[in-house]
Every structure is written in structure tokens, then in C-alpha cells.
Amino acid sequence: MKPTSSPFIAVQKSAIHNQGIFAAADIPRGARIIEYIGRKITKAQSVRLADLFLEKAKGNQDHGAVYIFELNKRHDLDGAVPENTARYINHSCHPNCEAQIIRGHIWIISRRKIKAGEELTYNYGYDVDHYEDHTCHCGAPNCVGYIVARAQWQKLKKKILHKQQ
Ligand SMILES: C[S@@+](CC[C@H](N)C(=O)[O-])C[C@H]1O[C@@H](n2cnc3c(N)ncnc32)[C@H](O)[C@@H]1O
Ligand SMILES: [Zn+2]
């Protein structure tokens, strides 16, 4: 596997979590910034790995918990490989990038113009069912408090309300 790199980015300490990826130059909207690469795994392997990662991350704030990315209905990508520089991109509830699957490859693409020095983020799109495992520290004014797919925010708000009652 060849390491991914891009003249557009730099890995630096992040206020969101441990390390993050930052724009090293102005990036135009719609740019394919970097590919998210890794090991192709089955859904069963993916469930086992996710549990393992979460266990490892408990009690160690600096350890990134999950690097798994959904590829299609049958396979996921385990991005926890040193060659995958994109694994350092953090989640935000107000992201400036998005992940798109283009001909079987996962690309991180800018959703708007990004200025040099800004941290790159995308919404990880996690399912709301396990929201309590993934507290969000993105710091965005609209942060919902957990790493959850935008399409499931209404469901999340209902779950949180229900828990408070
Ligand atoms: C793909 S890694 C991102 C890189 C990570 N910051 C690192 O240094 O390894 C994903 C992990 O980073 C952490 N993370 C990413 N975005 C976060 C956020 N908005 N709030 C809290 N933790 C976050 C979580 O532990 C998540 O499982
Ligand atoms: Zn957030």
C-alpha cells in the first residue's frame, strides 16, 4: 500500500481530538483533497474491530477509537494503517469536507472554500444507536454533543430528551 499524501494538508495537534489534518494552503470548493485508504474487511470483521478499538480507547483520551469506514453493503475499510494519512481527519457537526465514494475509492472532498490553517473535518456519519460511545468535541456552534450522522439528528434529540425524563 502506498502512503497517501497531498500538498494541500499537514498533520498537526488538534483542539478537537489529539491530531488532526489542517489545510497547508487555500483549498477551493469541490477539490479531491486526499483518498482514505486501508484494509478491505467484511462487516463481521468490522464489528469485531470496532469493539476492540473502543475497548482500547477507554481510559486513553489520545487514542483514536475508530478508523473504520463504510465502503458498501458487504465491506468496510479499516483505515488504521500508517499509510492512511486521512485517518487523522476529525469529525465535526459543521464540517468543511465530506467523504464520497467514487468508483470504489473513498475521497475526502471540500464542501466549501477552505482557508490555509483551518482544520479539515467531515461528518463521520455514525449511526445514532451507539451515540453514547462517541461524545463530540468539535466545538461547532451547532454541535449536537455526539458523533452522529446528520440525517439522524432528530432521532438523537428525541433519544436525549427521553433519557432526561
Ligand atoms: C479517524 S480518528 C481521527 C484522528 C484522531 N484525532 C487521532 O489523533 O488519531 C477517529 C477518532 O478520533 C476521535 N475524534 C474524531 N473526531 C472527534 C470529535 N469531533 N470529538 C471527539 N473525538 C473525536 C475519536 O476518538 C474517533 O474515534
Ligand atoms: Zn460536534
Side-chain angles (χ1 to χ4, degrees), residues 1 3-6 8-24 33-41 45-71 75-101 105-112 114 117-161 163:
M1 204 180 294
T4 47
S5 68
S6 159
F8 282 135
I9 59 161
V11 180
Q12 285 168 24
K13 187 83 194 137
S14 163
I16 299 179
H17 176 267
N18 200 22
Q19 310 228 64
I21 297 253
F22 291 76
I33 302 170
I34 192 164
E35 186 180 348
Y36 193 101
I37 60 167
R39 233 169 19 102
K40 199 172 172 182
I41 54 175
Q45 286 175 309
S46 182
V47 170
R48 280 199 298 274
L49 257 183
D51 287 347
L52 219 104
F53 281 145
L54 280 172
E55 203 49 50
K56 241 179 158 179
K58 273 184 195 155
N60 180 355
Q61 292 297 314
D62 283 351
H63 197 283
V66 180
Y67 298 88
I68 296 169
F69 214 110
E70 175 154 40
L71 205 53
H75 290 103
D76 287 345
L77 207 73
D78 171 20
V81 296
E83 296 89 346
N84 180 30
T85 311
R87 75 186 186 281
Y88 290 115
I89 303 176
N90 284 317
H91 160 97
S92 173
C93 298
H94 189 60
N96 51 20
C97 295
E98 64 190 16
Q100 280 185 28
I101 301 177
H105 294 266
I106 301 167
W107 283 96
I108 306 300
I109 295 177
S110 47
R111 302 177 71 211
R112 60 165 171 81
I114 300 170
E118 277 188 68
E119 178 166 1
L120 304 190
T121 54
Y122 60 90
N123 185 313
Y124 284 5
Y126 288 175
D127 195 274
V128 71
D129 284 351
H130 308 286
Y131 76 95
E132 283 165 310
D133 289 339
H134 306 286
T135 311
C136 184
H137 300 136
C138 76
N142 66 330
C143 178
V144 289
Y146 297 94
I147 302 180
V148 169
R150 174 142 209 156
Q152 299 189 350
W153 282 4
Q154 281 308 323
K155 223 170 157 184
L156 172 70
K157 282 173 189 163
K158 278 187 196 154
K159 274 182 185 268
I160 294 171
L161 259 177
K163 248 199 123 185

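Note that ligands are numbered from 1 as they come in the structure, with each ligand's atoms numbered from 1 the same way. The model shown is predicted, which means the values in this text are computed figures rather than measured ones. Counting from 1, the numbers follow the sequence of the chain as shown. Only this structure's heavy atoms are used, side chains among them; waters, hydrogens and symmetry mates stay out.
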**Item:** SG (Cys143) to the Zn ion (ligand 2) to SG (Cys93) angle, given to the nearest 10 degrees
**Value:**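 Here the angle at the metal atom is close to 110°, to 10°.
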
**Asked** Rounded to 10 degrees, what angle sits at the Zn ion (ligand 2) between Cys136 SG and Cys138 SG?
**Response**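 Value returned, to the nearest 10°, is 100°.
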
Heteroatom proximity flag, [X] to ligand 1, N/O under 3.5 Å:
| X | value |
| --- | --- |
| His17 | yes |
| Tyr67 | yes |
| Asn90 | yes |

**Prompt:** From the Zn ion (ligand 2) out to just under 2.8 Å, does an N/O/S atom of His94 turn up?
**Reply:**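 Not a single backbone or side-chain N, O or S atom of His94 is under 2.8 Å from the Zn ion (ligand 2).
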
**Request:** Closest by any non-hydrogen atom to atom 8 (O) of ligand 1: pick that one out of His137, Lys13, His91, Gln19.
**Result:**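 The option holding the nearest heavy atom is Gln19.
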
**Prompt:** After noting the C-alpha distance and the side-chain angles of Asn142 and Trp153, does the key distance pass the side chain to side chain contact (heavy atoms under 4.5 Å, CB included) rule?
**Reply:** CA-CA 11 Å; Asn142 66 330; Trp153 282 4; 3.8 Å; yes

**Asked** With side chains defined as the heavy atoms from C-beta onward, is the minimum distance between Ile34 and Phe8 less than 4.5 Å?
**Response**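 Of all side-chain heavy-atom pairs linking Phe8 with Ile34, none is under 4.5 Å.
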
**Item:** From CA spacing to verdict: salt bridge (Lys or Arg N to Asp or Glu O under 4.0 Å), Arg150, Glu98
**Value:** CA-CA 12 Å; Arg150 174 142 209 156; Glu98 64 190 16; over 6 Å; no

For ligand 1, which atoms, with element, lie under 4.0 Å from some heavy atom of [X]?
| X | answer |
| --- | --- |
| Ile16 | 17 (C), 18 (C), 19 (N), 20 (N) |
| Arg87 | 1 (C), 2 (S), 3 (C), 4 (C) |
| Thr135 | 20 (N), 21 (C) |
| Ile89 | 3 (C) |
| Asn18 | 8 (O) |

**Request:** Return yes when Cys136 approaches ligand 1 closer than 4.0 angstrom through a heavy atom, no otherwise.
**Result:**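 Under 4.0 Å: yes for Cys136.
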
**Prompt:** So which of Val128, Asp133, Leu156 actually passes side-chain contact (heavy atoms from CB on, under 4.5 Å) with Tyr146?
**Reply:**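 Exactly one pass, corresponding to Leu156.
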
**Prompt:** Taking non-hydrogen atoms only, is Thr121 closer than 4.0 angstrom to ligand 1 via side chain, backbone, both or neither?
**Reply:**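 No part of Thr121 is near ligand 1 at this cut-off.
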
Without swapping roles, check the side chain of [X] against the backbone of [Y] for a donor-acceptor pair under 3.5 Å.
| X | Y | answer |
| --- | --- | --- |
| Asn90 | Thr121 | no |
| Asn84 | Gly79 | yes |
| Arg39 | Val81 | no |

**Request:** Just say parallel, tilted or perpendicular for the rings of Phe69 and Tyr36, cut-offs at 30° and 60°.
**Result:**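 If you compare the ring of Phe69 with that of Tyr36, the planes turn out tilted.
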
**Request:** Just do the side chain to side chain contact (heavy atoms under 4.5 Å, CB included) check on Leu120 and Ile108 with the steps written out, would you?
**Result:** CA-CA 9 Å; Leu120 304 190; Ile108 306 300; 5.5 Å; no

